[in-house]
*Asks:* 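Sharing a structure, written as structure tokens. Questions coming.
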Amino acid sequence: MVAGSSLRSGAWFRTAVFYEIPVRSFYDSNGDGIGDLPGVTEKLGYLSELGVGAVWLLPFYRSAWRDEGYDITDHYAIDPSLGTIDDLDRLVQEAHARGIRVLGDLVTNHISIDHPWFQEARRDRSSPRRSWFLWSDTGKEFSRTRVIFRDVEPTNWTWDDLAGQYYFHRFYATQPDLNYDEPAVRQEMFRVARFWLGHGLDGFRCDAVPYLFKREGTRCQSLPEVHVFFKELRAVLDAEFPGAVLVAEANQSIPETVQYFGDSREFPMVMHFPLMPNLYLALAEEDPRRLRHVLQATLPAPPGCGWAYFLRNHDEVTLEQVSDDEREMFLWVYGKYPRTVLNGGVRRRLAPMLDGDDTTIVLMTALLLSLPGAAFLYYGDEIGMGDRLDLPDRDGVRTPMQWTSAANAGFSTLPPERLIRPPVDDPVYGPAARNVADERGRPDSLLERIRQLIALWSAHVDEFRSEAFLAAEPQVPSVFAFWRDQPATRILCLYNISRASVSGTVRLDPELKSTPTVLAGEATLARSDSQLSFDLAGRRFAWIRFARPFAPSMGLPASSVDRL
Ligand code: NOJ
Ligand code: CA
């Protein structure tokens with residue numbers, strides 16, 4: 001793990017593109033129809049070619065698999081269907097050798113109903129495990145707590161005959177919540193984190209963080225106790241595994257979400273849930289104003305921290321934080337097909353949501369990359385693969401990765417009907433049309449365009465890694481424009497989110513005397529002393545760099561200072 005430790009210095013996550021992998025859906029190395037850890041190891045070459053700097057693996061622990069591994073039955077074991085602990089060690093070692101970090105998923109809020117901890121607790125009121133869970137004789141407590149899987153679960157309390165009481169669950173009834181007022185539970189989770197970091201992981205995406213503590217009369221989310229717990233966990237990690245990163249999954253309002261940075265003492269990274277639905281809404285409206293508002297309300301992240309941006313993940317696009325009108329518009333544009341809506345959100349992949357338009361996918365990916373923080377890509381979105389609305393729950397966005405044009409997508413040696421999930425089978429987004437083998441090396445393919453984009457971003461990562469973000473006024477309503485500043489350069493990012501070609505101008509500071517260079521994208525430019533004129537075709541973008549006269553004493557605006 002030598003390479004591992006050297007990778008763990010500083011805020012490395014500001015210079016990495018993250019790639020999310022549901023292990024069971026990625027690559028099946030031993031022909032049993034289930035993607036596995038050695039399968040991920042085999043595909044590291046692909047990830048490294050794509051320019052990925054870190055992978056986030058969905059839970060690989062022993063599980064009852066009723067919620068894609070988020071229902072753990074043994075926190076200290078790899079699920080046998082995915083491999084062994086040696087397989088994980090090898091994966092980490094080989095990833096590190098390629099400069100790729102590996103994040104696990106830390107599932108603290110709940111466990112599987114089949115976990116021995118719950119089995120002991122439910123059978124015996126005097127068991128020391130009883131206090132590890134939340135019990136009730138009436139099931140009426142915490143009535144202000146919203147139900148998250150509202151299409152499936154009517155309530156957060158379920159009666160258990162064996163226990164003779166109700167138990168509390170924020171998610172499925174098969175996932176009893178742990179009781180974080182029990183000190184032994186908190187200690188156990190520290191042990192779990194230490195155990196996997198000890199196996200060389202570089203950190204965790206932390207599942208469902210707002211919900212750990214419950215207090216009567218509250219909505220039981222983002223309570224002060226939650227922040228205390230994660231600050232403690234962070235302190236343990238900083239002391240014992242310096243550089244390990246924690247990424248918060250906190251799907252909350254803006255003020256609640258920003259609190260998870262905890263003034264640089266809690267999560268180094270927080271998923272930008274407030275921005276995500278607005279990216280799609282802005283595109284539908286061809287108006288970027290809402291993006292400017294959200295970013296101005298959430299930037300800069302505190303020192304040493306950064307936002308984690310994403311377009312899609314393994315869940316539905318959640319619309320919990322948008323207004324009723326916005327939800328209606330979102331579903332009108334992106335949720336038109338039957339069976340699209342789940343728990344009020346949209347269970348679709350990126351490509352079908354964007355009508356299979358590669359240019360728009362590139363535009364949105366470029367936008368994520370150029371914001372201060374880090375971009376998280378979801379496996380398969382880089383090739384434009386689709387989804388299956390006929391599969392239950394969120395399985396439709398977790399279908400086998402499309403490696404080749406074969407009917408089984410080259411995911412396994414087995415025929416399609418024997419795989420963990422059937423591959424996408426439609427002619428537009430299925431393996432015949434969208435797959436790694438055919439897209440690799442073909443200059444106009446989505447994969448190649450995304451790969452080049454990441455390569456360009458990586459080549460200029462020192463210019464993109466600061467928190468500096470200044471909105472610009474391009475005089476065209478459909479163009480989202482901002483500056484990313486460094487002492488030696490300024491990069492102007494322009495995104496035409498409408499389908500129409502546009503022309504506009506951006507005012508230039510008198511200090512910018514240099515000739516601009518287009519780093520990525522396509523724009524026609526003309527500059528005068530005081531302004532830059534540009535033409536951008538529909539859904540096109542450009543990253544335009546100006547050298548600035550190097551004058552360290554000049555002083556940048558407070559929000560522009562690189563504090564890493
Ligand atoms: C959030 C995860 O992203 C989701 O997939 C899971 O179902 C819930 N947490 C419960 O663990
Ligand atoms: Ca397998």
Side-chain angles (χ1 to χ4, degrees), residues 20-43 56-61 63-73 75 78-84 87 91 103-113 115 146-153 156 168-178 189 204-212 221 247-252 271 273 276 308 310 312-318 320 342-343 345 347 376 378 392-398 400-401 403 408-414 418-421:
E20 179 190 348
I21 303 181
V23 179
R24 297 207 301 174
S25 304
F26 201 56
Y27 186 64
D28 170 21
S29 72
N30 60 351
D32 65 356
I34 306 174
D36 43 51
L37 293 170
V40 177
T41 310
E42 265 188 58
K43 295 298 182 183
W56 152 31
L57 305 176
L58 255 55
F60 44 66
Y61 323 104
S63 169
W65 296 107
R66 296 186 190 101
D67 184 17
E68 198 59 28
Y70 287 99
D71 47 339
I72 299 171
T73 55
H75 292 76
I78 305 273
D79 194 86
S81 65
L82 303 185
T84 63
D87 292 331
L91 163 54
L103 262 54
D105 203 310
L106 190 65
V107 190
T108 43
N109 181 70
H110 47 267
I111 60 172
S112 166
I113 196 166
H115 196 298
R146 92 193 138 95
V147 175
I148 293 177
F149 291 158
R150 61 185 214 217
D151 285 354
V152 185
E153 298 295 348
N156 292 120
F168 187 91
H169 52 90
R170 194 71 203 234
F171 296 93
Y172 290 124
T174 50
Q175 292 163 311
D177 277 28
L178 288 161
M189 282 304 150
F204 299 103
R205 174 267 196 185
C206 298
D207 185 63
V209 300
Y211 312 120
L212 302 197
Q221 58 187 41
V247 189
E249 188 220 12
N251 182 9
Q252 308 291 313
M271 287 281 180
F273 275 94
M276 186 270 294
F310 64 105
R312 287 298 292 112
N313 62 20
H314 62 287
D315 292 325
E316 74 279 15
V317 177
T318 62
E320 283 162 328
L342 176 72
N343 298 319
R347 51 182 204 121
F376 277 58
Y378 185 49
D393 198 347
R394 292 148 291 169
D395 288 5
V397 299
R398 302 167 180 177
M401 175 68 176
W403 298 104
N408 66 7
F411 159 78
S412 173
T413 50
L414 293 181
R418 295 188 50 202
L419 307 183
I420 177 99
R421 286 181 194 117

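One-based numbering, in listed order, for ligands and for the atoms of each.
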*Asks:* Can you tell me if R418 has over 12 outside heavy atoms packed within less than 6.0 Å of its CZ?
*Replies:* no
*Asks:* With V247 as reference, evaluate F376, W56, F204 under the side chain to side chain contact (heavy atoms under 4.5 Å, CB included) test and give the passing residue.
*Replies:* F376
*Asks:* Does any non-hydrogen side-chain atom of H75 lie less than 4.5 Å from one of M189?
*Replies:* yes
*Asks:* Do E320 and R146 meet the salt-bridge criterion of a basic N to acidic O distance under 4.0 Å?
*Replies:* yes
*Asks:* Are the aromatic ring centres of Y378 and F310 under 6.0 angstrom apart?
*Replies:* no
*Asks:* Is any protein N, O or S atom closer than 3.0 Å to the Ca ion (ligand 2), and if so, which?
*Replies:* D28 OD1, N30 OD1, D32 OD1, I34 O, D36 OD2
*Asks:* Taking the six-membered ring for Trp, are H314 and Y70 closer than 6.0 Å centroid to centroid?
*Replies:*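 When the ring centroids of H314 and Y70 are compared, they turn out to be within the sub-6.0 Å range.
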*Asks:* Using a threshold of 4.0 angstrom between heavy atoms of the protein and any atom of ligand 1, which residues qualify?
*Replies:* D67, Y70, H110, F149, F171, R205, D207, E249, H314, D315, R394, R398
*Asks:* When you look at M401 and Y27, which way does the side-chain contact (heavy atoms from CB on, under 4.5 Å) test go after all the steps?
*Replies:* CA-CA 7 Å; M401 175 68 176; Y27 186 64; over 6 Å; no
*Asks:* Give, for atom CD of E249 and atom CG of L106, the distance between the pair rounded to the nearest 0.5 Å.
*Replies:*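 Here the rounded value is 12.0 Å.
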*Asks:* Under 3.5 Å, is there a donor-acceptor pair between the side chain of S112 and the main chain of T73?
*Replies:* no
